[in-house]
Student: 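To start, I am sharing the structure in question, which I have written as structure tokens.
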Protein chains: 2
Amino acid sequence: MSEFPSTTAAAGPIPTKDVRPAREPVTTDEVDRRILTVLARDARTPNNAVAAEVGVAPSTCLARMRALRDSGVIRGYHADLDPAALGRPLQALVSVRLSSGARGRLRSFTDRIRARPEVRSVYFLAGGDDFLLDVTAVDVADLRDFVVEELSAYPEVASTETNLVFEHVRGTAAGL
Amino acid sequence: MSEFPSTTAAAGPIPTKDVRPAREPVTTDEVDRRILTVLARDARTPNNAVAAEVGVAPSTCLARMRALRDSGVIRGYHADLDPAALGRPLQALVSVRLSSGARGRLRSFTDRIRARPEVRSVYFLAGGDDFLLDVTAVDVADLRDFVVEELSAYPEVASTETNLVFEHVRGTAAGL
DNA sequence: CCTGAAAACATCGATAG
DNA sequence: CTATCGATGTTTTCAGG
């Protein structure tokens, strides 16, 4: 089994049937893309509203949405929560480098890490660092605790580097 | 006016009414958090089902969801698309450093950048680099084109550093 | 791909704890 | 603040053309 089974994956207990990780492109037409654009902008847009916006019948739109979901083009639908509004006003990017002997346990290590409430997402990297964590924190002490006690405490971790995030904005095109 | 008006922001033409950026925490109780957990996992869960899952009446659930949306705790709902399935199998993180004189034009520069289809998100950083781009590409040539022609071509850009992303996974807790 | 009809759901106001 | 009820319009869903 590969160390990196897919280019990307969705979160936690997914509302998923049997979505394949999609190593190869799925054929999509203009209608599909317009559906995706609408759902990327507002995932709670009712099916019939999506249909009206892209100019197809609701039944057709529904079938397409399901196909896109089942084929893995749509990985899931997620509410975008504001960490600051939830009492986590600090955001940071933490680069982590593992000791060379620990690379084999990378997966189990990151599985533990990504379940933590601080962690928004994990990037597995090809470069000098092994991975990058997008994290939020209640305050600097909380951030320090996470880095020092949750990361650096493990012998697998060779080094970390923390960069504060002033602001994080989504791309406008959202993957299209 | 501040250079960084909010800690985070949502994408493009948002389906938003007047959601404030939420600099301060919003008071939420256990019911709210459970609603948020459900919606973070599957944003298309019907109000009915959310209500049943968290154990409140649908009317109550609906009112809370709206309050959470209006107070800015929920920034939006987005379909999570798989770039690989859409013909963009390459993902990378590009760190960008601007020339010191160009920092004042940072906002207009990044506004142009983030509208590009390659850009999934933009992190404004406090450290040595000015910002970090999460980008996808069709192939290496496409990636190179973006970095060389879209970034390095501008005099504002002092330097860039590109790191390939093997895999990107969402945190399990999704912001709670 | 569409239409159409039945079932499920969202939404509101009134009422009450 | 929360829950329940009932009425009304909308949305989803599926059978079939």
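Residue numbering restarts at 1 for every chain, and letters A, B, ... go by the order of the sequence lines. Remember, predicted model here, so these are calculated numbers, not experimental data.
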Student: Taking B:Val31 as the starting point, is it possible to reach B:Val38 by hopping between hydrophobic residues whose side chains are less than 4.5 Å apart?
Tutor: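 In one cluster with B:Val38: B:Val31, yes.
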Student: Starting at atom CD of B:Glu30, determine the distance to atom C1' of D:dC1, rounded to an integer number of angstrom.
Tutor: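 Those two atoms, CD and C1', are 17 Å apart.
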Student: Round to the nearest Å and state the distance from B:Met65 atom CE to C:dC12 atom C1'.
Tutor: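 Atom CE in B:Met65 sits about 16 Å away from atom C1' in C:dC12.
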Student: Enumerate the salt bridge (charged side-chain N to carboxylate O under 4.0 Å, His left out) contacts for residues 55-65 of chain A, please, sequence neighbours excluded, ordered by first and then second residue.
Tutor: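 Residue pairs passing salt bridge (charged side-chain N to carboxylate O under 4.0 Å, His left out), neighbours aside: A:Asp29-A:Arg64, A:Asp32-A:Arg64.
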Student: Roughly how far apart are B:Phe166 CZ and A:Leu106 CG, rounded to 0.5 Å?
Tutor: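 That separation rounds to 10.0 Å.
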Student: For the pair A:His168 and A:Asp134, evaluate side chain to side chain contact (heavy atoms under 4.5 Å, CB included) and give the outcome as yes or no after the intermediate values.
Tutor: CA-CA 10 Å; A:His168 179 204; A:Asp134 177 359; 4.1 Å; yes
Student: At under 4.0 Å between heavy atoms, which parts of nucleotides 11-17 of chain D does protein reach? Answer with one letter per nucleotide, 5' to 3': B base, S sugar-phosphate only, - none.
Tutor: SSSB---
Student: Compute the angle between the rotation axes at the two ends of the helix from C:dC1-D:dG17 to C:dG17-D:dC1, each taken over five pairs, rounded to 10 degrees.
Tutor: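 Between the axes fitted at each end of the helix from C:dC1-D:dG17 to C:dG17-D:dC1 lies an angle of 30°.
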Student: Consider only side-chain heavy atoms of I, L, V, M, F, W and Y, link residues closer than 4.5 Å, and tell whether B:Tyr154 and B:Leu133 are in one cluster.
Tutor: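 B:Tyr154 clusters together with B:Leu133.
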Student: Locate the shortest heavy-atom distance separating A:Leu93 from B:Leu132; write the atom from each residue and the value.
Tutor: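 That would be CD1-CD2, 3.4 Å.
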Student: Indicate yes or no for a side-chain donor-acceptor contact from A:Arg114 to the backbone of A:Ser121 under 3.5 Å, with no hydrogens or angles considered.
Tutor: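 No, the answer is negative, given that no donor and acceptor are paired below the 3.5 Å cut-off.
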Student: Return the OG1 to CG distance between B:Thr37 and B:Asp42, rounded to the nearest 0.5 Å.
Tutor: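 B:Thr37 atom OG1 to B:Asp42 atom CG measures 13.0 Å (nearest 0.5 Å).
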